[in-house]
Amino acid sequence: MANAVESACSGVEPMAKDKEQQQKNIDLMSMLQCDTPKYDAFVTEFIGTRTGAGMAPSAKVAHKLCPTWPNPQQRSAANSDTASRTVRVGVMDSAFNPPHYCHAAYLECMGTMKLTPATAIAGADDTPRLLEIDAYLLLLGSQNADKELVGATLEQRMRMVDMLATTVALDTTADTWHMWKNKKDFDATSLHNMAIGMVNTPLFVDKCTAVRDMVRDEWSRSSIGTGHDPGQLEVLSYFAMGWDALIRFFDPKYYADYPQEIKRFFASGGRIAFSRRTGFPNDDVDAFFGRTDIVDYLEHIYELRLPKRVRHISSTDVRIAVRDSTRSVRDIPPRILEYVNSYMLYRD
């Protein structure tokens, strides 16, 4: 199994070329999912040592699908003094209660599609571009600014996040949300360079700092970063956000020092890849990006277009579907649904 994962991380083309190879991919994914790491000890240690009053923002990797994460796969120690001093990380931060296909689509669209800069939405002559994501991170928060912990436990969520990460990275036969399978101009070569982890703070500005420090720590212990000052590594963290999350991000009520904390987010390498809500009036979008407290950051904000198949999905609707046994249970990967049913989750 390890050799198979390492082959994927070495840059082997992830797309299956025939039915036999497709079946091998499915078998590999099933084997990996059956061997999901045990997260009880990880969560217990994280909660015991990194949460509580006075704790600094902190994030920790629980599992790497690619052993060399977060190092970009096309780089090596030979050129570590040049391009590899910047790492672009696509971050899907969520409560994952439960993980679903829209979470997966955010990662794939962020890394494979050309995104529209918010400067263009505001009227500037700016063209869509690839973000050139080097590595991906599925990040589970130990707490949320607006929600209490209900439903699945953190340990259970970590297991389901692991299943989702494996699905995104290796299941090239899925036809429910994969956007790049039949589009030659999409760049999906870095999707296998993925990790999952936890963060101890609910605010994006603090999550950005925590992710930056974690990535630098992982880089400094790799063959590329050995002997270098971790502070020399520029980490650009592209956080996926829905429209509501983007509005909350710029809401002063969540900050003790607004807008200084917003400035700190972008100064720390924070970037935003958002998707607007279906049916939201364009005039309201234009008015939002015309706000004086936002215009200075438009160059660091990008819009992605989710496929229609996943735009409607939310964890709330999935939980209701599981409870009521409706068709929306198809909005989560089968392996996750099997896990949910095995532990009788979301029945209340």
Side-chain angles (χ1 to χ4, degrees), residues 39 42-43 46-47 50-51 57-65 69-70 87-111 115 131 133-147 149 151-152 154 157-158 160-165 168 191 193-215 218 235-251 254-255 261-262 264-266 268-275 300-302 304 306 310 313-316:
Y39 290 110
F42 174 85
V43 171
F46 188 90
I47 297 298
R50 302 193 183 215
T51 62
S58 177
K60 184 177 181 180
V61 171
H63 180 53
K64 302 177 185 179
L65 271 70
W69 186 96
V87 173
R88 298 173 177 85
V89 183
V91 184
M92 181 68 248
D93 163 74
S94 175
F96 295 112
N97 192 30
H100 48 66
Y101 282 136
C102 193
H103 291 134
Y106 265 109
L107 282 181
E108 293 200 345
C109 292
M110 187 192 311
L115 274 59
L131 297 184
I133 302 296
D134 299 308
Y136 296 84
L137 176 65
L138 287 160
L139 193 64
L140 172 64
S142 61
Q143 57 179 314
N144 186 288
D146 289 324
K147 303 174 184 177
L149 183 65
L154 291 174
R157 297 183 198 190
M158 288 296 288
M160 291 189 286
V161 170
D162 185 285
M163 295 174 192
L164 184 73
V168 173
L191 278 172
N193 193 21
M194 190 174 299
I196 65 176
M198 284 188 71
V199 65
N200 68 351
T201 177
L203 298 181
F204 279 107
V205 60
D206 294 327
K207 290 176 183 178
C208 183
T209 301
V211 169
R212 180 199 62 192
D213 293 345
M214 179 183 70
V215 170
E218 294 288 339
V235 180
L236 300 180
S237 302
Y238 291 84
F239 284 86
M241 295 187 192
W243 182 251
D244 292 339
L246 180 64
I247 291 176
R248 288 195 301 270
F249 178 82
F250 285 102
D251 189 338
Y254 292 103
Y255 302 94
E261 290 176 277
I262 295 293
R264 180 159 62 88
F265 172 85
F266 291 106
S268 299
R271 302 292 185 265
I272 295 173
F274 79 94
S275 175
H300 303 313
I301 303 174
Y302 300 84
L304 57 80
L306 290 172
V310 302
I313 302 175
S314 71
S315 292
T316 298

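Every value quoted in this text rests on a predicted model; they were computed, and no experiment measured them. Note that the numbering runs from 1 along the sequence shown for the chain.
Separation of atoms CG (Asp162) and CG (Leu65) is listed at 6.5 Å; rounding is to 0.5 Å. Atom CG in Leu306 sits 5.0 Å away from atom SG in Cys102 (nearest 0.5 Å). Taken to the nearest 0.5 Å, the CG atom of Leu236 stands 11.0 Å off from the OG atom of Ser268. Distance check, rounded to the nearest 0.5 Å: CZ of Arg271 to NE2 of His300 gives 4.5 Å. For the atom pair Ile47 CD1 and Phe42 CZ, the distance stands at 9.0 Å (nearest 0.5 Å).
Listed for the Asn97 side chain is no donor-acceptor partner under 3.5 Å among the backbone atoms of Arg157. A donor-acceptor pair under 3.5 Å is formed between the side chain of Asn193 and the backbone N or O of Asp134. Without hydrogens or angle criteria, Arg212 side chain to Ser237 main chain gives no donor-acceptor distance under 3.5 Å. Under the 3.5 Å distance criterion, the side-chain polar atoms of Trp69 are matched with a main-chain donor or acceptor of Tyr136.
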Chi angles and distances behind the ring pair (Phe, Tyr, Trp, His ring centres under 6.0 Å) call for Phe249, Phe265: CA-CA 10 Å; Phe249 178 82; Phe265 172 85; 4.8 Å; yes
Leu138 and Phe96: CA distance, side-chain angles, deciding distance, side-chain contact (heavy atoms from CB on, under 4.5 Å) verdict: CA-CA 9 Å; Leu138 287 160; Phe96 295 112; 3.8 Å; yes
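The closest side-chain heavy-atom distance from Lys64 to Glu218 is below 4.5 Å. Counting only heavy atoms from C-beta outward, the side chains of Val199 and Val211 never approach each other to under 4.5 Å. Within the 4.5 Å cutoff, the side chain of Arg88 has no heavy atoms near those of the Leu131 side chain. Using a 4.5 Å heavy-atom threshold, the side chains of Ile196 and Tyr39 count as touching. Residues Tyr255 and Val205 form a side-chain contact, since some pair of their non-hydrogen atoms from C-beta on lies under 4.5 Å apart. Side chains of Met241 and Phe204 form a contact here, defined as non-hydrogen atoms less than 4.5 Å apart. Using a 4.5 Å heavy-atom threshold, the side chains of Met194 and Leu107 count as touching. Inter-residue side-chain proximity for Tyr254 and Glu261 is flagged as unmet; no heavy-atom pair is nearer than 4.5 Å.
Taking each heavy atom of Ala104 and Leu164 in turn, the nearest pair found is CB-CD1, 4.1 Å. Taking each heavy atom of Leu154 and Leu140 in turn, the nearest pair found is O-CD2, 3.9 Å. Looking at every heavy atom in both residues, Cys208 comes nearest to Gly269 through SG-C, 4.1 Å. In plain terms, the two heavy atoms of Ala195 and Val61 that are nearest each other are CB-CG1, 4.3 Å. For the pair Pro57 and Thr201, the tightest heavy-atom approach, listed with the atom from each and the gap, is CB-CG2, 4.2 Å. The minimum heavy-atom distance linking Met158 with Ala62 is given by the pair CE-CB, 3.4 Å.
Screening residues 193-210 for salt bridge (charged side-chain N to carboxylate O under 4.0 Å, His left out) gives Asp93-Lys207, Asp206-Arg264 as the qualifying pairs, with residues at least two apart or on separate chains.
Every residue two or more places apart in sequence or in another chain that forms a side chain to side chain contact (heavy atoms under 4.5 Å, CB included) with Ala240 is listed here: Met92, Tyr106, Met110. With sequence neighbours excluded, no residue satisfies side chain to side chain donor-acceptor pair (under 3.5 Å) with Thr51.
Ring orientation note: the planes of His103 and His100 are close to parallel, at an angle under 30° on the 30°/60° scale. Between Trp243 and Phe274, the ring planes lie tilted relative to each other; the angle falls in the 30° to 60° range.
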